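Read through the structure below, which is laid out as structure tokens, and then see the notes.
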Amino acid sequence: MRMSQFFLPTMKETPAEAQIVSHRLMLRAGMIRQTSAGIYAWLPLGWRVLQKISQIVREEQDAAGAQELLMPTIQSADLWRESGRYEAYGKEMLRITDRHEREMLYGPTNEEMITDIFKTFVKSYKDLPRNLYHIQWKFRDEIRPRFGVMRGREFLMKDNYSFDLDREGAELSYRKMFLAYLRTFARMGLKAIPMRADTGPIGGDLSHEFIILAETGESQVFCDKAWLDLDVLAEAPGYDSDLKDFFAKYTNIYAATEEMHDAAKAPADLVTARGIEVGHIFYFGTKYSAPMGAVVAGPDGSPVTVEMGSYGIGVSRLVAAIIEASHDEHGIIWPEPVAPFTVAIVNLKIDDADCARVSGDLYAKLQSAGVDVLLDDRDERPGAKFADMDLIGVPWQLTVGPRGLKTGVVELKRRATGEKRELSVEAALAELTARG
RNA sequence: CGGAGCGUAGCGCAGCCUGGUAGCGCGGCAGUUUUGGGUACUGCAGGCCCCCGGUUCGAAUCCGGGCGCUCCGACCA
């Protein structure tokens with residue numbers, strides 16, 4: 001992307017309404033635009049990040065055996081009457097009436113709809129297990145939306161639903177999602193810690209919240225110091241195993257939210273920190289399948305009510321959560337896997353022939369190597385360019401200026417550490433091509 | 001949902017008390033200048049002063065009603 005063409009409205013000043021650092025930085029970096037209380041438009045830079053995050057979520061869901069589909073945002077009230085939640089859900093549900101006076105709603109979640117789809121088509125135990133997911137906009141009419149996309153009313157969520165013949169199968173599905181979530185967050189550069197949770201209105205008796213640690217997190221959490229050294233990507237077993245040992249290991253290390261914390265059970269090496277909830281998984285048995293009649297024929301021909309679980313990741317919240325966990329006074333520090341661009345080329349002097357030629361050449365070669373690259377070809381002062389790059393947090397920043405080119409070098413800066421190195425154009429190209 | 005505020009240029013704000021030509025900084029545009037971490041100067045453009053009604057010769061300003069937004073608390077992917 002050429003920055004001169006890119007729709008990127010960055011700001012020097014911070015809008016007054018933004019209270020937390022991720023909200024301020026998202027506004028200043030031109031990622032979002034508020035359109036109503038708790039409702040945001042995603043501008044091109046923000047949308048790129050949202051897609052990067054969605055893609056990682058998608059890859060891990062697919063690897064765990066879940067299949068993607070897409071359900072609508074608007075649902076029928078009748079569907080929710082089947083589970084009894086139409087009345088139970090209260091004012092958080094946005095209710096809509098269509099031109100025929102039919103009662104509709106903007107989905108806050110999809111248990112009813114997926115159960116309806118499932119029961120229509122799945123009639124035999126031979127078709128189990130099934131795990132279906134989608135990434136779709138949800139609406140929950142929060143009393144007080146705040147903190148930007150961290151607690152918006154409309155938000156993008158990955159939600160999926162598992163269907164199994166018995167509790168044993170359902171628990172295996174649960175463990176697979178447990179692993180998938182740990183891997184998903186780890187791939188985004190986050191330390192996410194699963195904590196036993198209340199099941200709340202969704203119901204059920206087995207549930208974990210995934211909480212990432214960030215100084216500015218909303219809630220107090222407690223965990224064993226051992227969590228900080230775990231590397232799930234290095235040791236995780238495959239999805240074809242039963243995952244029992246893995247699950248036991250990870251659930252036996254102490255971790256608790258403030259509500260569940262028990263000082264008597266806490267280890268000596270206790271870390272007290274702030275956390276942000278980015279995912280939540282539930283096993284809830286037949287809570288929806290029973291009232292809605294999701295029944296299959298078992299091996300002996302008799303009807304079996306299926307065992308279900310549901311699993312959610314707040315995709316749009318993750319954008320803010322990552323910023324909360326990774327920023328400095330200059331701006332965002334994107335972990336490379338979710339960065340909107342991996343590399344930025346800063347042409348310091350656009351009317352200098354050498355600068356234009358070298359930066360244009362680097363840009364073309366990196367692009368054809370499949371690297372997400374941003375070329376700053378704007379007629380701005382160097383200070384403004386550097387400030388913008390740090391604000392939007394591009395992990396690798398390659399500065400091409402007349403001073404360096406005299407001796408054939410460019411400067412490569414790593415956003416995360418601030419480390420700068422001078423190297424030849426060829427060496428820079430080789431190093432950055434490897435990041436495609 | 002209880003409490004507290006705020007709506008004036010794209011953003012941050014002053015003006016309102018005490019009614020009389022709508023302002024400042026940032027940003028934008030043009031130019032000069034500068035050129036390796038948000039340069040300086042000059043000029044220009046940009047406003048249904050949230051909406052509706054009332055008072056008044058005259059309302060951004062006073063009064064009434066509405067709408068929107070924010071903050072603090074109780075609740076939440």
Side-chain angles (χ1 to χ4, degrees), chain A residues 9-20 23-24 27-28 30 33-39 57 89-93 107-111 135-160 181 197-202 207-212 218-219 257 259 276-282 310-321 329-331 346-352 355 376 378-391 397-406 409-411 413 418 420 422:
Chain A
T10 60
M11 282 185 279
K12 269 169 92 168
E13 290 181 81
T14 303
E17 76 270 14
Q19 294 301 304
I20 61 168
H23 192 194
R24 287 200 292 267
L27 290 168
R28 285 192 54 213
R33 162 77 181 175
Q34 181 173 344
T35 62
S36 306
I39 303 179
V57 169
Y89 219 94
K91 291 192 145 185
E92 231 174 77
M93 184 149 76
T109 178
N110 284 62
E111 280 84 4
I135 299 173
Q136 176 63 292
W137 294 95
K138 304 293 187 291
F139 194 92
R140 294 183 190 173
D141 201 356
E142 297 280 343
I143 296 166
R144 180 147 102 89
R146 59 183 130 172
F147 303 147
V149 299
M150 187 79 84
R151 173 150 321 145
R153 292 194 293 171
E154 187 185 52
F155 57 96
L156 188 63
M157 180 163 109
K158 186 284 301 176
D159 45 317
N160 58 322
Y181 274 36
D198 278 329
T199 50
I202 292 181
S207 178
H208 285 89
E209 292 178 10
F210 288 77
I211 304 221
I212 65 162
E218 307 180 75
S219 57
T257 58
E259 305 82 62
I276 301 169
E277 182 185 349
V278 291
H280 203 155
I281 62 179
F282 303 87
S310 78
Y311 316 88
I313 290 178
V315 176
S316 48
R317 171 180 283 186
L318 266 171
V319 178
E329 67 273 24
H330 302 295
V346 180
N347 178 355
L348 279 190
K349 198 167 167 63
I350 58 162
D351 50 6
D352 179 282
C355 289
D376 192 347
R378 297 173 303 166
D379 184 13
E380 290 287 347
R381 298 178 52 78
K385 295 190 177 203
F386 293 136
D388 271 340
M389 285 308 168
D390 283 351
L391 174 63
Q397 301 172 12
L398 191 60
T399 299
V400 179
R403 202 171 74 193
L405 285 187
K406 275 183 194 146
V409 299
V410 291
E411 181 189 277
K413 174 178 151 183
K420 296 174 190 169
E422 290 201 334

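No experiment lies behind these values; they were computed from the predicted model shown. Below, read A as the first sequence line, B as the second, and so on, with proteins coming before strands; counting in each chain starts at 1.
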Provide the distance between the two [atom1] atoms, one in [N] and one in [M], to the nearest whole Å.
N	M	atom1	result
B:G38	B:G28	C1'	16 Å
B:C6	B:G25	P	25 Å
B:U32	B:G37	P	24 Å
B:C71	B:G15	P	23 Å
B:A60	B:G47	C1'	11 Å

> Between A:R317 and A:F147, who's closer to the 5' end of RNA chain B by nearest nucleotide?
Replying inline: A:F147
> Considering heavy-atom distances to RNA chain B, does A:G404 or A:T35 have its closest nucleotide positioned more toward the 5' end?
Replying inline: A:G404
> Given side chains that start at C-beta, do those of A:L348 and A:R403 come closer than 4.5 Å, heavy atoms only?
Replying inline: no
> Can you find a pair of side-chain heavy atoms, one from A:V315 and one from A:F155, that are under 4.5 Å apart?
Replying inline: no
All N/O contacts under 3.5 Å from nucleotides 6-8 of chain B to the protein, with atom names and distances to one decimal?
none

>> Looking at A:Q34, I'd like to know whether one of its side-chain N or O atoms comes within less than 4.0 Å of OP1 or OP2 on B:U70.
In response: yes
Nucleotide forming a Watson-Crick or wobble pair with [N], both distances under 3.5 Å:
N	answer
B:C44	B:G28
B:G73	B:C1
B:U39	none
B:U34	none
B:C17	none
B:A59	none

From the set [options], return the single nucleotide nearest to any side-chain atom of [X].
X	options	result
A:D390	B:C11, B:A74, B:G37	B:G37
A:E277	B:G36, B:G73, B:A77	B:A77
A:R146	B:G12, B:A77, B:C71	B:C71
A:F386	B:C76, B:G36, B:A74	B:G36

>> Any donor-acceptor pair, under 3.5 Å, between the side chain of A:E13 and the base of B:G25, if you only look at N and O atoms?
In response: yes
> Tell me, which of residues 151-159 of chain A have any heavy atom that sits under 4.0 Å from an atom in RNA chain B?
Replying inline: A:R151, A:G152, A:F155
> Which letters describe nucleotides 38-50 of chain B, given B = protein heavy atom under 4.0 Å from base, S = only from sugar-phosphate, - = neither?
Replying inline: BB-----------
>> Between A:E154 and A:R140, does any side-chain N to carboxylate O distance fall below 4.0 Å?
In response: no
> Can a salt bridge be assigned to the pair A:K413 and A:D390 using a cut-off of 4.0 Å between side-chain N and carboxylate O?
Replying inline: yes
> Using a cut-off of 4.0 Å on non-hydrogen atoms, how would the nucleic acid contact of A:K91 be classed: base, sugar-phosphate, or nothing?
Replying inline: sugar-phosphate
> With no hydrogens and no angle check, do the side chains of A:N347 and A:K349 hold a donor and an acceptor under 3.5 Å apart?
Replying inline: no
>> If you take the centroid of each ring, where Trp contributes its six-membered ring, are A:F282 and A:H280 closer together than 6.0 Å?
In response: yes
